[in-house]
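Values below: every heavy atom of this structure, side chains too, minus hydrogens, waters and symmetry copies. Order of the sequence lines fixes the chain letters, A, B, ..., with proteins taken first and strands second; residue numbering starts at 1 for each chain.
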Amino acid sequence: MTRDAAGLDKNFNHQEAEARLYKWWEESGFFRADPAAPGRPFVIVIPPPNVTGKLHMGHALDETLQDILTRYHRMCGDNTLWLPGTDHAGIATQNVVERALAAEGGSREELGREKFVERVWRWKNEYGADIVHQLRRLGASCDWSRERFTMDEGLSRAVREVFVSLYEQGLIYRDYYIINWCPRCRTALADLEVEHEDRPDHLYYVRYPVVGKEAVLTVATTRPETIFGDTAVAVNPQDSRFQDLIGEKVLVPLTDRVAPIIADSYVDPDFGTGALKVTPAHDPNDFKLGQAHRLPSLKCIDDDGRMNQAAGRYAGQDRFDCRRNMLAELEEGGLLEKTEPLTHAVGVCYRCKTVVEPNLSRQWFVRTAPLAARAARAVRDGETAFVPKNWEKTYFEWLDNIRDWCISRQLWWGHQIPAWHCLSCGQTIVSREDPLACPYCGEDLERDPDVLDTWFSSALWPFSTLGWPDQSPDLARYYPTTCLVTGFDIIFFWVARMMMMGLHFMKETPFRTVIIHALVKDAEGRKMSKSKGNVVDPLNIVDRYGADAFRFTLCSLAGHGRDIRLSDERVAGYGKFVNKLWNAAKLVLNNLGAARLSDGAPAPLTLPDRWLRSRLDRTVRLMRRHLDEFYYDRLADVIYHFVWDEFCDWHLELIKPMLYGEDEAARVSVQSNLVYSLSVLLKLLHPIMPFVTEELWSKLPGAPGSLMLAPFPEGDDQVLDPAAEERIGFLMDVTRATRSMRADFGLPQAQKLAPLVKCGEPALASALEEYSPLLLKLMGAESLGLAGAETAKPRDAALAAFPWGEVWLPLAGHIDLAEESRRLEKELAGLGKEAKAARAKLANADYVNKAPEEIVEETRERLSAMEARTETLKRSLNLLREMEAP
RNA sequence: GGGCGGUUAACUCAGCGGCUAGAGUAUCAGCCUUACAAGCUGGGAGUCGGGGGUUCAAAUCCCCCACCGCCCACCA
């Protein structure tokens with residue numbers, strides 16, 4: 001590829017530059033944080049991706065938003081740390097390795113616990129790094145020297161310390177309870193880990209003969225197989241239909257057991273038959289009823305989802321096979337009254353979608369009430385704020401209704417619970433150090449086989465990664481963290497639990513701001529999923545359009561909504577933006593003369609330069625505001641339009657004549673402003689588009705070191721220049737009016753024009769005189785004249801009216817009178833409508849009296865300007881009519 | 001059952017009490033103007049989901065309705 005004088009290729013070669021620049025940044029240690037360094041801390045801990053994961057759009061969005069903040073604050077001179085890492089993802093990872101084993105014809109049971117865990121570690125070390133390397137492709141400026149893993153030694157120590165402390169404080173306990181059980185994963189699940197899906201199903205009406213009476217009690221159930229675990233039938237005590245049956249007994253169908261008929265107000269008389277079968281071992285509600293009425297619990301389904309001995313001859317059958325088979329038997333025996341279709345919510349495992357089986361078992365729980373109350377209070381008191389704020393309601397909703405958290409999992413991959421059970425005396429020991437023998441009786445101990453919920457260790461992430469429980473320098477300097485950036489799907493799973501643990505153990509909120517972003521959907525708004533085949537691979541986008549274009553796209557889409565629709569066209573559009581920037585820089589860099597950035601900020605001399613500096617300053621302020629308030633979409637919008645519209649379309653075009661001209665003083669002034677303003681643009685863009693900006697920075701004469709470490713621009717009242725903005729605004733009006741009239745009259749580009757401007761304001765008129773040469777090319781004009789106050793508009797000239805005056809375009813021989821009349825009439829009509837509305841407002845006494853003074857004043861000014869323009873247009877139109885008339 | 005969003009141009013979205021409701025894409029017309037045709041210039045395009053209310057003023061605030069989506073939930 002050919003390079004120009006400034007050393008720039010024709011286009012930005014993102015493939016080559018991204019790899020090279022990232023390597024340079026990383027090797028130079030630019031990402032590394034130093035707790036001993038000065039500066040206000042700015043800290044983000046990454047939401048750790050699962051080691052099993054491949055980088056998907058959700059990560060890409062999440063990491064991009066974090067990197068934008070990180071790079072911005074690093075440039076602001078803050079002591080910035082973005083701490084990366086991965087999560088061991090208990091069930092997910094175990095599933096992956098089990099599948100691999102199965103493919104080899106093995107199983108984890110065959111291998112045994114120790115060997116299996118070794119095998120998972122090998123898998124993790126081999127493949128777990130994938131996602132971490134993929135993050136680098138996006139330009140993520142994480143401090144890789146601090147990378148952590150939820151099962152590394154330090155974090156494991158933190159987990160153990162937390163478990164033991166909570167146990168000692170009575171906030172962790174072990175008990176029999178009905179929990180959600182996944183028969184496929186063969187583990188308990190927390191309530192949160194159960195997803196509810198509406199599925200079409202059936203309601204079966206089953207007859208329970210009443211013992212010693214002719215009566216039959218019919219019960220409606222969706223799960224007839226649990227009949228084998230029935231230990232009562234319940235009715236509502238108010239229900240007149242069943243008064244004489246309360247206290248009697250029924251024969252449980254297909255068994256030889258009898259069960260009492262009990263009364264409880266929980267039963268809804270209007271559902272089904274008003275009678276409810278009670279299976280305390282396999283239904284949470286029934287479990288409660290069982291406790292209240294001291295009913296026995298009878299399990300009829302085993303941990304693998306098969307019926308047990310309680311199911312008699314159905315023992316060993318899968319629960320759903322059993323259902324089918326027993327229904328046939330009920331039918332035959334005349335015990336099935338009827339079957340109705342029913343759609344209801346079925347709980348399924350969030351990992352494998354298997355229908356969960358509520359199951360009575362002994363598990364470990366966290367007593368959440370006190371922790372949750374504190375976590376809610378921290379947000380109510382403003383110690384932590386959500387952005388956007390409305391997510392706080394969701395957060396409160398969950399915390400205020402929280403139930404105890406089941407944390408034990410019957411898996412092998414994870415943090416094994418530090419509890420030992422004495423085989424002899426039955427005591428349980430929970431300890432920081434592995435005990436050798438039972439402290440109560442001296443006999444042998446057996447370690448509790450269960451591991452902890454993956455989210456238990458993630459809950460500690462903001463402080464465990466910084467060295468806790470040790471009082472490390474990192475912990476002292478970087479806790480609490482500043483921002484947490486994540487999707488709303490894990491507010492409960494993760495955010496709320498980090499709040500609980502952080503507040504409990506660190507006595508301080510884990511982060512000041514929680515930035516909740518939308519979820520990335522496909523272009524049609526559908527969730528991306530493998531089964532739908534609509535998954536877009538972020539790395540494929542990066543390959544095709546470059547990380548910068550991709551990041552800019554994600555930034556521009558990251559409004560405060562609920563979902564983000566990613567389309568290829570959008571990314572392609574921002575790819576063009578990268579190209580635009582590249583080319584603008586090429587123009588600048590190839591025409592700088594001797595100007596160097598190290599010469600310092602120039603004193604702006606020419607009007608276009610003063611204008612640009614002023615506009616740039618406003619842009620800097622806006623960018624900072626949007627960055628500080630996390631308005632990513634506005635951030636992208638502001639810089640996009642500044643670069644494209646103001647810098648490229650106007651400034652560069654305005655200064656070209658001076659840049660290429662003979663006047664050396666003007667040229668040098670323009671050049672020094674160019675090198676300076678380009679440098680500011682690159683800084684502003686860098687957090688969003690790190691690669692192309694760094695590459696251009698390296699070509700900027702006199703630009704020191706890496707752009708990553710350059711100071712982010714600040715607003716400067718000295719360069720705000722409203723007068724320059726007004727003058728350039730006026731020159732733009734003239735230019736646009738002329739262009740527009742050319743188009744309206746269909747004049748070819750080759751046709752040179754000679755517009756005249758009539759302007760009563762001396763300051764503007766003098767700007768026109770001075771800078772009209774710069775405009776000629778933009779308008780395709782050969783001359784641009786200033787009409788004196790007494791000059792009348794030539795009869796054959798087209799007209800454009802402005803608050804400051806008029807633009808006339810003499811069109812001898814070209815003017816189409818009818819066309820010009822149409823133009824003016826259209827303009828007048830629009831103006832008339834607007835003026836009418838303004839007049840109506842001002843005629844309204846209520847408006848004049850009640851609206852704020854400045855609003856009313858503004859309306860008055862607008863109206864008088866409109867009236868002046870209307871007059872001008874009318875005069876011109878009358879003139880035309882006279883000419884048209886024979 | 002409870003809660004939260006959304007409905008604005010052909011498409012994707014922004015605006016959330018006060019300039020003639022904006023942008024990108026798409027579209028139409030004219031241009032290869034020595035940074036960029038991945039470009040330049042000009043234009044067209046919207047009863048802001050429906051209905052009611054509050055207000056001097058409503059896309060914006062309140063109520064009702066319709067449709068779409070999401071989350072939470074132990075009615076079998």
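Annotation: B:C19 and B:C63 have their P atoms spaced 24 Å apart (nearest Å). Taking atom C1' in both B:G46 and B:U12, the straight-line distance is 15 Å, to the nearest Å. When the P atom is used for both B:G22 and B:C16, the distance is 14 Å, rounded to whole Å. When the C1' atom is compared between B:U55 and B:U60, the two are found 13 Å apart, to the nearest whole Å. Going from the P atom of B:C65 to that of B:G43 covers 46 Å, rounded to whole Å. B:U8 and B:C13 are spaced 9 Å apart, taking the P atom of each and rounding to whole Å. Using P as the reference atom, B:C48 and B:U7 are 14 Å apart when rounded to the nearest Å. Atom P of B:G52 sits at a distance of 46 Å from the matching atom of B:C40, rounded to the whole Å.
In the set B:C56, B:A73, B:C31, B:C56 carries the atom at the smallest distance from any side-chain atom of A:Ala851. Among the nucleotides B:U20, B:C13, B:C56, the one closest to any side-chain atom of A:Arg565 is B:C13. Side-chain proximity of A:Phe271 to the nucleotides B:U33, B:G39, B:A76 is greatest for B:A76. Listed nucleotides B:A76, B:G5, B:C16 differ in distance to A:Arg634; the shortest reach to its side chain belongs to B:C16.
Backbone-only contact: A:Lys393 has heavy atoms under 4.0 Å from sugar-phosphate atoms and none from a base. Across all strands, A:Pro852 comes closer than 4.0 Å to base atoms (heavy-atom distances). Within the 4.0 angstrom heavy-atom criterion, base atoms lie near A:Glu834. Residue-level contact check: A:Lys826 touches the backbone only, with heavy atoms under 4.0 Å from sugar-phosphate atoms and none from bases. Using a 4.0 Å heavy-atom cutoff across all strands shown, A:Arg823 reaches no nucleic acid atom at all. Residue-level contact check: A:Lys850 touches the bases, meaning some heavy atom is under 4.0 Å from a base atom. Here A:Asn844 lies in heavy-atom contact (under 4.0 Å) with sugar-phosphate atoms only. At a threshold of 4.0 angstrom between heavy atoms, the contacts of A:Lys586 are confined to the sugar-phosphate backbone, with no base atom among them. Using a 4.0 Å heavy-atom criterion, one finds that A:Thr221 contacts the sugar-phosphate atoms exclusively. The residue A:Arg223 sits apart from the nucleic acid: no heavy atom pair falls under 4.0 Å. Across all strands, A:Asp649 comes closer than 4.0 Å only to sugar-phosphate atoms, never to a base (heavy-atom distances). Heavy atoms of A:Val267 sit under 4.0 angstrom from at least one base atom.
Using cut-offs of 30° and 60° on the angle between ring planes, the pair A:Tyr574 and A:Phe552 is tilted. Relative ring orientation between A:Phe12 and A:Trp582 is described as tilted, the plane-to-plane angle lying within the 30° to 60° band. Using the six-membered ring where Trp is involved, A:Tyr395 and A:Phe386 have ring planes that are tilted, between 30° and 60° apart.
Inspection of the A:Asp645 and A:Tyr640 side chains reveals no N or O donor paired with an N or O acceptor under 3.5 Å. For the 3.5 Å distance criterion, the side chains of A:Glu340 and A:Tyr205 qualify, holding a donor opposite an acceptor.
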Quiz item: Based on Watson-Crick and G-U pairs with both distances under 3.5 Å, what dot-bracket line describes RNA chain B 5' to 3', crossing pairs as [ ] and inter-strand pairs as |?
Solution: (((((((..((((....[...)))).(((((.......))))).....(((((..]....))))))))))))....
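Screening A:Thr619, A:Asp637, A:Leu685 against A:Phe642 for a side chain to side chain contact (heavy atoms under 4.5 Å, CB included) leaves a single residue, A:Thr619.
Atom P of nucleotide B:U12 and atom CZ of A:Phe552 are separated by 22 Å, given to the nearest angstrom. Here B:C11 presents its P atom at 19 Å from CG of A:Leu566, a figure rounded to the nearest Å.
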